[in-house]
Trainee: 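Right, I'll just put the structure down here and ask away after.
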Amino acid sequence: VYGAQDSALWRLWLRESGKKQIFIDPFCNYTAVTQADKWLAPRPGTDAAIAVAIAYVWLEDGTYDKDYLAKRTIGFEEFQKYVLGKSDGVPKTPSWAAEISGVPARDIEALAKEWAAKKTSVAAGTRGGFAGICRQAYATEWARLVVLLQAMQVLGKPGISIWATSSGAPCN
């Protein structure tokens, strides 16, 4: 019988292995309480703003893989123009995201800098990978942006992956 507990067990294993876990979820669930090193609580449906602000920090700091994006992606220039505010006049800074999400700008910037400095895997949620977290209007934007963020750090490079939490152990 599937009891939906495997994600919690894998997260416990990650914690025991010394892996830092940052939970970004409006709800402080049991797993976040018992295993999170940090919990960020955005307003429901605003996590895409946080993702765009992370991209902004990386673009400003130059902490993304420019060569990989130039050779292996299509359309990154348009995304970059949007994030930096060149296409609409609104730079997507951590302060911009903070007003939307309720997560302090300093936390968003710190997360972006730490993520860029270390090999980072993103846990995509519950059963079915992104399915459980994409059940609201425009929630697919968060999933799309996570893939873009991981591409900026070279998705598939050792230690840089997206983990669908119910599909077994993280690939690191």
Side-chain angles (χ1 to χ4, degrees), residues 14 19-26 32 36-125 129-165 170-172:
L14 287 169
K19 305 291 185 208
K20 186 171 184 179
Q21 298 179 67
I22 300 172
F23 283 63
I24 304 171
D25 192 326
D37 292 289
K38 178 126 180 115
W39 170 55
L40 302 176
R43 292 182 186 105
T46 64
D47 37 9
I50 294 169
V52 174
I54 290 169
Y56 178 89
V57 172
W58 293 350
L59 289 167
E60 285 292 300
D61 292 353
T63 52
Y64 63 101
D65 194 308
K66 298 165 203 70
D67 186 54
Y68 176 84
L69 293 169
K71 291 180 180 176
R72 309 240 181 216
T73 66
I74 298 170
F76 180 74
E77 299 80 18
E78 292 303 313
F79 176 67
Q80 185 174 17
K81 286 179 195 172
Y82 170 73
V83 172
L84 295 175
K86 295 182 186 210
S87 61
D88 64 0
V90 180
K92 310 311 180 282
T93 66
S95 295
W96 168 85
E99 285 188 38
I100 295 167
S101 69
V103 174
R106 68 183 177 277
D107 289 343
I108 297 169
E109 186 168 352
L111 174 61
K113 289 178 183 288
E114 184 171 6
W115 187 343
K118 297 178 179 177
K119 293 179 181 180
T120 302
S121 291
V122 177
F130 287 110
I133 51 180
C134 290
R135 292 186 180 144
Q136 62 185 357
Y138 303 105
T140 52
E141 291 306 302
W142 179 89
R144 211 175 61 115
L145 286 161
V146 165
V147 173
L148 283 167
L149 290 175
Q150 288 299 72
M152 289 178 78
Q153 298 300 327
V154 187
L155 179 62
K157 201 173 176 181
I160 301 173
S161 64
I162 299 173
W163 171 41
T165 59
C171 301
N172 280 341

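Only heavy atoms go into these numbers, but all of them, side chains included; no hydrogens, no water, no symmetry mates. Model, not experiment: these values are computed from the prediction.
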Trainee: Find the distance between CZ (R43) and CD1 (I50) and round it off to the nearest 0.5 Å.
Mentor: 10.0 Å

Trainee: Just to verify, what does W96 make a ring pair (Phe, Tyr, Trp, His ring centres under 6.0 Å) with, not counting sequence neighbours?
Mentor: none

Trainee: Taking the cut-offs as 6.0 angstrom to the six-membered ring centre and 45 degrees off its axis, would you call K66 and Y64 a cation-pi pair?
Mentor: yes

Trainee: Taking all atoms of both residues into account, what is the closest heavy-atom pair of A51 and L149, and its distance?
Mentor: O-CD2, 3.6 Å

Trainee: Under the side-chain hydrogen bond (donor to acceptor under 3.5 Å, both in side chains) rule, collect the residues that match up with K38, sequence neighbours excluded.
Mentor: none

Trainee: Between W115 and W58, what is the ring plane arrangement, given parallel below 30°, perpendicular above 60°, and tilted in between?
Mentor: perpendicular

Trainee: Once side chain to side chain contact (heavy atoms under 4.5 Å, CB included) is applied, do any residues pair with E60, and if so which ones, sequence neighbours excluded?
Mentor: Y56, L84

Trainee: Residues in side-chain hydrogen bond (donor to acceptor under 3.5 Å, both in side chains) with E77, at least two apart?
Mentor: none

Trainee: Any idea which heavy atoms bring W142 and A48 closest together, and the distance?
Mentor: CD1-N, 4.1 Å

Trainee: Between Q153 (side chain) and T63 (backbone), is there a donor-acceptor pair under 3.5 Å?
Mentor: yes

Trainee: Of all residues at least two apart in sequence or in a different chain, which pass the side chain to side chain contact (heavy atoms under 4.5 Å, CB included) check with E114?
Mentor: K20, I22, K118

Trainee: Between L59 and Q80, which heavy-atom pair has the shortest distance, and what is it?
Mentor: CD2-NE2, 3.7 Å

Trainee: Show every donor-acceptor pair shorter than 3.5 Å between a side-chain atom in residues 102-112 and any protein atom, with sequence neighbours excluded, or say none if there are none.
Mentor:
none

Trainee: Are the side chain of K92 and the backbone of Y82 linked by a donor-acceptor contact shorter than 3.5 Å?
Mentor: yes

Trainee: Where is the tightest heavy-atom contact between P26 and P44, given as atom of each residue plus distance?
Mentor: CG-CA, 3.8 Å

Trainee: Please round to the nearest 0.5 Å and tell me the distance separating atom OG1 of T46 and atom CD of E99.
Mentor: 12.5 Å

